[in-house]
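In what follows, a single structure is set out as structure tokens and then discussed.
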Amino acid sequence: MAAAASYSIQATKSIATGKIQLKPHSDSQSSQSPSFSSQLQPFSIKLSRTTRQRHLQRVSVVVRAAMDVDISLSPRVNSVKPSKTMGITDQAIALAQAGVPVIRLAAGEPDFDTPAAIAEAGINAIREGYTRYTPNAGTLELRTAICHKLKGENGLSYTPDEILVSNGAKQSILQAVLAVCSPGDEVIIPAPYWVSYPEMARLADAAPVILPTRISENFLLDPRLLESKLTEKSRLLILCSPSNPTGSVYPRKLLEQIAEIVTRHPRLLVLSDEIYEHIIYAPATHTSFASLPGMWDRTLTVNGFSKAFAMTGWRLGYLAGPKHFVAACGKIQSQSTSGASSLSQKAAVAALGLGYAGGEAVANMVKAFQERRDFLVKSFGELEGVKISEPQGAFYLFLDFSSYYGSKVDDFGEINGSESLCRYLLDEAQVALVPGDAFGDDTCIRISYAESLTTLRAAVERIKGALNSLKPAIPV
């Protein structure tokens, strides 16, 4: 078996010889077993004597400076964990660029191109010179179009000054958390959760309060548990439906039960993350939390264009809510990034003009996602010991692989959790996945099926082959 390792490319330099050597680096303690990194061949570059002397002078200056500089960081930054999703994605990309045939199923990025009509609108914006700053909150044209969308598709009435357009839904969420939370407040987050929710709470000096859910209950929040955990410090409840990472969709009846509980707590607001709204599989239907009785005044709705419209690189999202809260978020944005890309906003107007729920272009993508979901559910359902909650939306499968924990692999060690299992699958199967502990549930692993069916078939074959080696350790 291959060794467990954290892969990177390490650069070393010998001052005496003037050589820079690039070689693969692993944190594995086993130096004898083969791994992906063994496929990356080291090479060196000879430096001239003059260059070597200049380097020695620079090193001397840097060392002296480092002795006099306080390199401590803000406690706020130190409290935040880096995103495992981004880390694993970057790692997989580096391996692929180095020639390792890694299948990347970590990032939540559709493999489709942006629909032609949207792309053309962006291109035309360049040709027409639409390349200057826009208003901080977004163009009136786009905010008006968003209001029409929310009214027609979600039953929500907003005016343009109750909409804030940002550089992605992620920015919208962070600004909302910063705007409404004070030090000591609590942010209620059902687990499994999107990796950034707890860290955003910490950035606001608030405390994330994690409420676990069960795969047997489709990872949906139990209202009784919510009621038992609310206190006078509870400021924000974050809901994501359809969910990242589980693909679960909250039915309207359950949302109504949650809304009744929210009503009884005057300080409690709800952030409803609806970025996967259009990627949903019948018979499941989407309900916007703000549309429930009494919830409009309590809800900050976040949405965007990245997922459903395959516009990840365009970086555009938006927040809708009561003017008081939206204006506060706009104040933060005005002192950080200012307005979003003018070109992306023109493209977004075209996206909203494709028709109800994105029209045929989005419907075709959703049909492909559903076909991929069905294939993965069937394939992993054939594996002994794997538990599945069939996703009703988004493009993720959150599988319980905990029956494989405790297995011991030669030259690898014990698989003792989701992270070590993902390392094993990266090393042995050359498939990049995200460990469930990043989402608050160590029993599971997240698989993104935002890749072609051909790619997914190859990934399943590799994963099954790697897991078959562990089969004797699975309790029957």
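Under the 4.0 Å criterion applied to side-chain N and carboxylate O atoms, E382 and K464 are assigned as salt-bridge partners. Using a cutoff of 4.0 Å between basic side-chain nitrogens and carboxylate oxygens, R267 and D185 are scored as salt-bridged. A salt bridge links E390 with R373: the closest approach of a Lys/Arg side-chain nitrogen to an acidic carboxylate oxygen falls below 4.0 angstrom. Remark: D111 engages R372 in a salt bridge, criterion side-chain N to carboxylate O under 4.0 Å. Contact check on E419 versus R423 returns a salt bridge, with a Lys/Arg side-chain nitrogen under 4.0 Å from an Asp/Glu carboxylate oxygen. Between K253 and E256, no side-chain nitrogen of the basic residue sits less than 4.0 Å from a carboxylate oxygen of the acidic one, so the salt-bridge criterion is not met. In this structure, K346 does not pair ionically with E120, as no charged nitrogen and carboxylate oxygen lie closer than 4.0 Å. A salt bridge links R264 with E227: at least one charged nitrogen is closer than 4.0 Å to a carboxylate oxygen.
Between F395 and F369, the ring planes lie tilted relative to each other; the angle falls in the 30° to 60° range.
With hydrogens and angles disregarded, no donor-acceptor distance shorter than 3.5 Å links the side chain of R104 to the backbone of V431. The main-chain N or O of W314 is found under 3.5 Å from a side-chain atom of S344 such that the two form a donor-acceptor pair. Here the side chain of Y424 pairs a donor or acceptor atom with the backbone of A466 at under 3.5 angstrom. Listed for the S166 side chain is no donor-acceptor partner under 3.5 Å among the backbone atoms of Q171. Not a single donor-acceptor pair under 3.5 Å links the side chain of R446 to the backbone N or O of T246. Put simply, the side chain of S403 gets close to the backbone of G385: a donor and an acceptor are under 3.5 Å apart. For S334 (side chain) and K331 (main-chain N/O), a donor-acceptor pair under 3.5 Å exists by modelled atom type. S341 contributes a side-chain N or O that, together with a main-chain N or O of L343, makes up a donor-acceptor pair within less than 3.5 Å. S248 places a side-chain N or O within donor-acceptor distance of the main-chain N or O of N218, the cut-off being under 3.5 Å. No donor-acceptor pair under 3.5 Å is formed between the side chain of T301 and the backbone N or O of S272.
Between the side chains of K307 and N244, no donor-acceptor pair is found at a separation under 3.5 Å. Side-chain atoms of N167 and T337 form a donor-acceptor pair, as typed in the model, at a separation below 3.5 Å. Side-chain contact annotation: T263 with E260, donor-acceptor N/O pair under 3.5 Å absent. Side-chain N/O atoms of T231 and E186 include a donor and acceptor closer than 3.5 Å.
Between L156 and Y158, the closest side-chain pair of non-hydrogen atoms falls below 4.5 Å. Using a 4.5 Å heavy-atom threshold, the side chains of L319 and L300 count as touching. Two residues are said to be in side-chain contact when any heavy atoms from C-beta on lie closer than 4.5 Å; N364 and F112 fail this criterion. Using a 4.5 Å heavy-atom threshold, the side chains of M311 and L316 count as separate. Contact of the L269 side chain with the F325 side chain is registered, since non-hydrogen atoms from C-beta on lie closer than 4.5 Å. Using a 4.5 Å heavy-atom threshold, the side chains of L470 and L421 count as touching. Residues D205 and R76 have side chains in contact (heavy-atom distance under 4.5 Å, counting atoms from C-beta outward). The side-chain heavy atoms of I447 and F380, taken from C-beta on, include a pair separated by under 4.5 Å.
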Derivation and outcome, side-chain contact (heavy atoms from CB on, under 4.5 Å), residues S234 and L268: CA-CA 6 Å; S234 302; L268 187 60; 4.2 Å; yes
Go through the steps for S418 and Y405 under the test side-chain contact (heavy atoms from CB on, under 4.5 Å), then give the verdict. CA-CA 8 Å; S418 60; Y405 300 169; 3.4 Å; yes
Test log, rule side-chain contact (heavy atoms from CB on, under 4.5 Å), inputs R235 and V187: CA-CA 6 Å; R235 180 56 172 161; V187 178; 5.9 Å; no
Could you walk me through whether D222 and L226 satisfy the side-chain contact (heavy atoms from CB on, under 4.5 Å) test, starting with their C-alpha distance in whole Å, then the side-chain angles of each, then the deciding distance to 0.1 Å, before giving a yes or no? CA-CA 6 Å; D222 183 343; L226 173 63; over 6 Å; no
Residues T159, E162; criterion side-chain hydrogen bond (donor to acceptor under 3.5 Å, both in side chains); working and verdict: CA-CA 5 Å; T159 55; E162 294 168 329; 3.2 Å; yes
Let's go through E277 and K149 carefully: what are the C-alpha distance in whole Å and the side-chain angles of both, what is the deciding distance for salt bridge (charged side-chain N to carboxylate O under 4.0 Å, His left out) to 0.1 Å, and is it a yes or a no? CA-CA 12 Å; E277 165 194 19; K149 179 264 181 229; 2.9 Å; yes
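Heavy-atom contacts from other residues, nucleotides or ligands closer than 6.0 Å to CG of N78 number more than 12.
A distance of 6.0 Å separates CG of L467 from CG of L383, quoted to the nearest 0.5 Å. The CD atom of E153 sits 9.0 Å away from the CG atom of N303 when rounded to the nearest 0.5 Å. Interatomic distance, OG of S389 versus CG of D400, reported as 11.0 Å (0.5 Å rounding). Here the CD-CG distance, from E384 to N468, works out to 10.0 Å after rounding to the nearest 0.5 Å. Atom OG1 of T144 and atom CG of L142 lie 8.5 Å apart (nearest 0.5 Å). The CG atom of L211 sits 9.0 Å away from the CD1 atom of I189 when rounded to the nearest 0.5 Å.
Minimum heavy-atom separation, R143 to V165: CG-CG2, 4.0 Å. Closest approach of G393 to V249, counting heavy atoms only: N-CG2, 3.9 Å. Closest approach of A438 and V434 over heavy atoms only: CB-CG1, 4.2 Å. Listed here is the closest heavy atom pair of A328 and A179: CB-CB, 4.0 Å. Residue E274 comes nearest to S288 through the heavy atom pair OE1-OG, 2.8 Å, listed as atom of the first residue, atom of the second, then distance. Summarising the geometry of N136 relative to Q333, their closest heavy-atom pair is O-NE2, 2.8 Å, with the distance given to 0.1 Å.
Each of F309, Y250, Y396, W194 was scored for a ring-ring contact (aromatic ring centres under 6.0 Å, His included) with Y276, with one residue passing: Y396.
A ring-centre distance under 6.0 Å is not found for F439 and Y197.
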